[in-house]
Amino acid sequence: QKDEDSTIAILPSSLPQIHRANMLAAGSAAATKISPLSIKKSKTKWHFGIRSRSYPLDVMGEIYIALKNLGAEWAKPSEEDLWTIKVRWKYDMGQPTNEKIPDLMKMVIQLFQIEANNYLVDFKFDGWESSYGDASPSSNEDEMSTFSAYPFLHLTTKLIMELAVNS
Amino acid sequence: LATSSIKHNTLCVASIVRYKRKYVTQMLYAPL
Amino acid sequence: NSETISIEQKLAVQSIRRFLESKTSYDVLPVSYRLIVMDTSLLVKKSLNILLQNNIVSAPLWDSHTSRFAGLLTSSDFINVIQYYFSNPDKFELVDKLQLDGLKDIERAIGVRPLDQGSIHPFKPLYEACCKMIESRSRRIPLIDQDEETHREIVVSVLTQYRILKFVALNCRETRYLKRPIGELNIITQGNLLSCRMHTPVIDVIQLLTQGGVSSVPIIDEHGRLVNVYEAVDVLGLIKGGIYNDLSLSVGEALMRRSDDFEGVYTCTKNDKLVTIMDTIRKSRVHRFFVVDEEGLLIGVLTLSDILKYILFEE
């Protein structure tokens, strides 16, 4: 139900173009130097994982070196699948917590070929383990509905930086 | 994991996470 | 007729309140949405670019050393940086290299009490989230859950007063019965309103924002007519342009930093009703209404907090 007698309005003198005209008309010195903020809302260009054109085994070598430099450990790769690394990363928070919380983050890093000499390194979160052995309740996928992505995101930024710096 | 090109020494990584019945694209900006 | 309108308004407000009690903050969240978080080791000036690039004015902070969330980055933080720099012009180097985890030191250096953001679990009633925001005088509240394996905090989202009122405007048909003039509801902030003139130095206006604990300062002409408004979020453009070191600028000159897609300042009169106010919130990104009379003279302001408080506690 339109309310005809609404007096809600937009103040004309507050519109940027009109404000600017008024300021210039008022002869403000600085006004000629100040331009409107034109942050180009540059659409962030997203990639899956990170791309590489290097030779596949070189890529894997770089990743192992980076993982080693960052103190991560990994399962020995099986002969038939050299392109997947099962990583485990001690994620100690520095502050001792008496409660036993899983402190080993698991991650799967996998190399995919997109086309001739164009590869993609994919990172996947793979749950938590405890360094003191007791099997953490491996709640299955669809139960796992509240997990924090930030430790995983943080470790991938460290790994990507290590790879970027090394390369 | 989704990554953005590194610009001004800043990296942005993201992953889409299910929270109950909704989907959150969690994005983290970190300095190189 | 006015008796009927009063009764209908009272019943509508009570019904909207029950709606807020029956829904959770989780219900307000879209099915799919983005949450931008910043690592506290980022430079403040980098974080400003990220906010502007993503067209947002606030973001949760994450401390990768403790693996915990470190509160929200808001325009108040940038206002603190400007005030710190204004009192310590020789500290340009420090300000330029300031990281987000250094903002607490800036608060202490200028003697500002940190804004208590509070937080709430996503599955608590929406009514509770609203009360917490009114209590903490902040216009947004982080929704925090716990990672079920590691018990670490998860920031699920950040709810704002605007998003809640828009949710009400979109989902409560009762808003159509809110037909009493707002001048009768005693919800307009009026009388000794903080204001300034177009030639007031922008640093003085920024001081008014902090001292008054407000997020906008109306600009009036020599007759008291409303001409424009300086908002806390305008500080981001001031810093982006690096012109904060020229704080002798007038507020009129500083406003020329506003990007051209700024929608303008919303005004209304005492005769307007919440039915049209809520409809405007439904359609536009409006954060306050300045109340003027027929001549355009500034009478008061109606903020989203004022509207929310009325719905939560009045009638």
Side-chain angles (χ1 to χ4, degrees), chain A residues 39-52 63 66 70 84-85 87 89 91 105-112 114 119-128 139-167, chain B:
Chain A
I39 280 276
K40 49 189 185 335
K41 307 257 182 315
S42 56
K43 288 295 287 166
T44 308
K45 194 165 167 7
W46 290 103
H47 311 281
F48 267 116
I50 51 180
R51 321 291 285 270
S52 168
I63 295 173
L70 292 168
T84 301
I85 310 175
V87 182
W89 217 313
Y91 202 80
M105 178 197 292
K106 294 191 290 174
M107 190 189 282
V108 175
I109 301 174
Q110 196 160 357
L111 185 72
F112 292 95
I114 300 174
Y119 300 91
L120 178 147
V121 183
D122 180 46
F123 304 81
K124 264 189 292 296
F125 174 70
D126 190 27
W128 292 88
S139 54
N140 62 25
E141 225 4 71
D142 60 353
E143 266 165 38
M144 168 78 108
S145 68
T146 46
F147 87 96
S148 171
Y150 287 96
F152 166 66
L153 292 176
H154 170 60
L155 286 183
T156 53
T157 56
K158 285 171 67 107
L159 189 46
I160 290 170
M161 287 178 212
E162 187 70 21
L163 289 166
V165 163
N166 293 353
S167 69
Chain B
L1 180 86
T3 61
S4 73
S5 328
I6 295 174
K7 256 186 277 180
H8 314 302
N9 259 2
T10 304
L11 169 65
C12 183
V13 291
S15 58
I16 298 177
V17 176
R18 176 165 62 79
Y19 178 72
K20 309 295 177 195
R21 315 234 53 82
K22 301 199 175 173
Y23 296 86
V24 196
T25 301
Q26 304 262 20
M27 293 165 60
L28 175 65
Y29 281 89
L32 253 190

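Chain naming here is simple, since letters A, B, ... match the order of the sequence lines and numbering starts at 1 in each.
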Point to revise | Non-hydrogen atoms of A/Trp46 and B/Met27 that approach each other most closely | key: CZ2-CE, 3.5 Å
Check your understanding: Between OG of B/Ser15 and CZ of A/Phe125, what distance do you get to the nearest 0.5 Å?
Key -> 9.5 Å
Review point. Where is the tightest heavy-atom contact between A/Leu153 and B/Ala14, given as atom of each residue plus distance?
Key: CD2-C, 3.9 Å
Point to revise | Minimum-distance pair of heavy atoms, taken over all atoms of B/Pro31 and A/Met161 | key: O-CE, 2.9 Å
Check your understanding: Only one of B/Val13, B/Thr3, B/Leu1 forms a side chain to side chain contact (heavy atoms under 4.5 Å, CB included) with A/Phe123, so which one is it?
Key -> B/Leu1
Check your understanding: Where the side chain of B/Ser4 meets the backbone of A/Lys45, is there a donor-acceptor pair that is under 3.5 Å apart?
Key -> no
**Study point:** Neighbour count >12 (heavy atoms, 6.0 Å) for atom CD1, B/Ile16
**Key:** no
**Study point:** A/Lys158, NZ: over 12 other non-hydrogen atoms inside 6.0 angstrom
**Key:** no
Review point. So what's closer than 4.5 Å to chain A heavy atoms on B/Leu11: side chain, backbone, both or neither?
Key: side chain
Exercise for review: Select one option (side chain, backbone, both, neither) describing which atoms of A/Thr157 are under 4.5 Å from chain B's heavy atoms.
Suggested key: both
